[in-house]
Amino acid sequence: MTRADALSSINCTQCGAGLSVLGGGRVLSHVCGYCGAVLDTQDNYKILTSIGKRDHPDSPVKIGMSLTYRDVPFTVIGTLGMSETYRGRTWRWVEHQLFSPTHGYAWLSWEDGHVLFTRKIRDFNMGHWLSSGTVERAETPPTRQYAGERYKYYETTVAQIDFMEGEFNWVPRIGETTETITLLGPSAMLSLTRSETEREVELTTLMDRDTVLSELGLDAAAIGSAQRHALTPYKPMREEGFLRRSLLASAIGAVVLAVTLSGGSGSVVMPPTRVPVDSLPKNFSFDVTNASQLSIISLQGNADNGWSAFSAEVAGPSGEPLTAGVGVVEYYQGIEDGERWSEGSNSDRIRFRPAETGTHTITLTLEEDGTEGLRGRPASTVTLSVEEGKISAFWLIIAAVLFGLGWMAVTARRSVYHARRFAGSDWSD
């Protein structure tokens with residue numbers, strides 16, 4: 001016999017308590033919430049077994065409550081208390097079976113203050129089934145494809161039923177165990193569940209918490225504060241895509257402009273002049289015709305596993321000191337573990353801004369020098385040259401760095417979000 005669709009309530013055939021009938025014609029069992037009798041809905045509510053009177057698990061959701069998911073109304077028809085024990089720790093949660101006259105059966109559960117909706121899917125390729133043994137042997141987190149989206153391994157759960165009440169589209173039993181392999185996708189979780197008698201594939205999505213609370217007539221305190229969940233959607237900043245593209249374009253533009261300006265500007269006012277270091281100190285004259293932009297003193301040495309520091313004092317046309325700076329040339333090289341290495345630079349620059357045009361004088365002096373190792377030598381000659389009309393790219397480089405850091409920060413938000421989604425995974429290398 002099958003249960004009549006028009007049936008709205010029955011009396012428990014064990015204790016006589018009135019029980020609401022909410023779950024449609026495909027319900028196979030009804031567990032009395034008063035005495036714990038498990039009734040066969042397809043055989044005149046015959047008593048199959050009894051779980052006895054049990055403490056109801058902590059859940060604000062009650063049988064008979066209704067809610068809407070993607071414009072489809074569902075009614076809560078059953079409650080399961082679930083638990084998992086691993087390495088001496090036990091986790092407990094509650095799952096509620098839902099029923100829709102048009103869309104069949106689904107599940108509602110709470111996790112970290114969030115509301116999850118789970119439904120079976122029938123179009124998954126069962127040839128791509130994933131077992132716990134496959135996960136254990138894998139060197140990297142296994143992945144599967146479904147509906148054009150990629151799902152990556154998240155966790156394995158071995159759970160058992162500790163409590164049951166209401167209507168179900170199968171006959172559950174206390175102690176029944178299921179093993180679930182869960183994979184995390186862009187906006188849903190794919191669960192491959194194996195019980196003692198069958199294999200099923202389910203898809204879990206995150207429901208809007210405030211909407212569910214409103215429809216069920218609950219307040220936020222009833223289910224606790226919402227912690228971060230692996231399915232919590234990414235919340236981009238306002239115009240994040242435009243901001244990311246703009247920052248990247250600005251950084252590239254600043255670099256290109258800096259290279260163009262620093263490489264194409266200026267003129268030589270003192271050609272390269274090679275000077276023996278042992279002849280220093282020595283004066284050099286040059287004529288400045290552009291006092292509105294930077295001038296650059298360039299030093300080129302020939303140190304080898306050594307260094308030399310030169311001071312350059314610049315005096316203006318009137319003989320008054322204008323600026324002074326120190327340029328260091330150093331170069332080191334060697335072989336370590338069969339590989340040749342080198343570091344340092346035999347060139348340096350000193351920048352200054354002329355106060356006026358006219359003949360300027362540089363006094364070049366060797367300040368100090370030194371060597372590294374027995375065969376090292378400081379610079380024996382230094383080549384001096386001066387250019388004027390140089391445009392400083394310093395602030396453009398600073399701007400490029402800031403734009404680049406901004407682009408990295410905006411981009412990193414999404415990367416950090418994706419990394420944090422898997423923070424709760426039980427995968428271990």
Side-chain angles (χ1 to χ4, degrees), residues 70 112-116 140-141 143-154 183-190 203-211 220 225-267 290-296 298 325 343 345 347-354 387-425 427:
R70 295 182 178 175
D112 295 329
H114 293 284
V115 192
L116 302 175
T140 57
T143 61
R144 292 294 185 268
Q145 294 285 332
Y146 174 70
E149 293 189 334
R150 179 177 178 269
Y151 291 80
K152 181 180 176 182
Y153 174 81
Y154 187 76
L183 300 97
L184 180 59
S187 58
M189 283 179 161
L190 189 68
L203 198 68
T204 299
T205 52
L206 193 65
M207 301 181 71
D208 183 78
R209 168 188 165 96
D210 293 335
T211 300
S225 59
Q227 306 297 320
R228 180 181 56 84
H229 190 274
L231 289 178
T232 301
Y234 176 68
K235 294 182 180 179
M237 297 184 296
R238 186 177 180 180
E239 301 295 338
E240 181 174 306
F242 173 77
L243 178 61
R244 186 172 57 252
R245 292 189 296 270
S246 298
L247 288 169
L248 180 60
S250 298
I252 295 174
V255 170
V256 171
L257 189 59
V259 172
T260 302
L261 293 178
S262 61
S265 63
S267 58
N290 183 351
S292 62
Q293 292 175 312
L294 292 176
S295 292
I296 294 180
S298 297
E343 62 181 17
S345 173
S347 62
D348 201 358
R349 290 177 144 194
I350 301 172
R351 295 172 175 82
F352 69 98
R353 179 76 172 268
E387 294 177 274
E388 69 172 5
K390 302 294 288 185
I391 297 176
S392 175
F394 175 77
W395 292 113
L396 285 172
I397 295 299
I398 293 297
V401 170
L402 293 177
F403 285 134
L405 291 174
W407 173 81
M408 291 174 63
V410 174
T411 303
R413 289 188 77 249
R414 187 176 292 272
S415 300
V416 170
Y417 158 77
H418 286 296
R420 292 183 64 187
R421 293 185 72 209
F422 284 88
S425 173
W427 175 265

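Keep in mind that what you see is a predicted model, and the values were worked out from it rather than measured.
Using modelled atom types, no side-chain atom of Arg150 and backbone atom of Gly185 make a donor-acceptor pair closer than 3.5 Å. Between the Arg421 side chain and the Leu184 main chain, no donor and acceptor come within less than 3.5 Å of each other. When atom types are taken as modelled, the side chain of Ser295 and the backbone of Glu388 share no donor-acceptor pair closer than 3.5 angstrom.
In plain terms, the two heavy atoms of Arg353 and Ser292 that are nearest each other are NH2-O, 2.8 Å. Considering every non-hydrogen atom in both Leu231 and His229, the closest pair reads N-ND1, 2.9 Å. Closest non-hydrogen pair, Val255 versus Ala400, comes out as CG2-CB, 3.6 Å. Pro354 approaches Asn290 most closely through the heavy-atom pair CG-O, 4.2 Å.
Within the model, atoms CE of Met237 and CZ of Arg244 stand 8.5 Å from one another, a figure rounded to the nearest 0.5 Å. Residue Thr204 holds its OG1 atom at 11.5 Å from CG of Leu183, rounded to the nearest 0.5 Å. Atoms CE and CG, from Met189 and Leu116 in turn, are 8.0 Å apart once rounded to the nearest 0.5 Å. With rounding to the nearest 0.5 angstrom, the OG1 atom of Thr140 is 6.0 Å from the CH2 atom of Trp427. Taking NE2 of His114 as the reference point, atom CG of Leu206 lies at 6.0 Å (rounded to 0.5 Å). Going from atom OG of Ser298 over to atom CZ of Arg351 covers 8.5 Å, rounded to the nearest 0.5 Å.
The shortest distance between side-chain heavy atoms of Ile350 and Ile296 does not fall below 4.5 Å.
The neighbour count for Met207 CE, taken as heavy atoms of other residues, nucleotides or ligands under 6.0 Å away, is above 12.
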- Task: Give the intermediate values and the outcome of side-chain contact (heavy atoms from CB on, under 4.5 Å) for residues Tyr151 and Leu203.
- Result: CA-CA 11 Å; Tyr151 291 80; Leu203 198 68; 3.7 Å; yes
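Between Pro236 and the choices Glu239, Arg238, Glu240, the side-chain contact (heavy atoms from CB on, under 4.5 Å) rule is met once, by Glu240.
Shown here are the ring pair (Phe, Tyr, Trp, His ring centres under 6.0 Å) partners of Tyr234, two or more places apart in sequence or in another chain: Tyr417.
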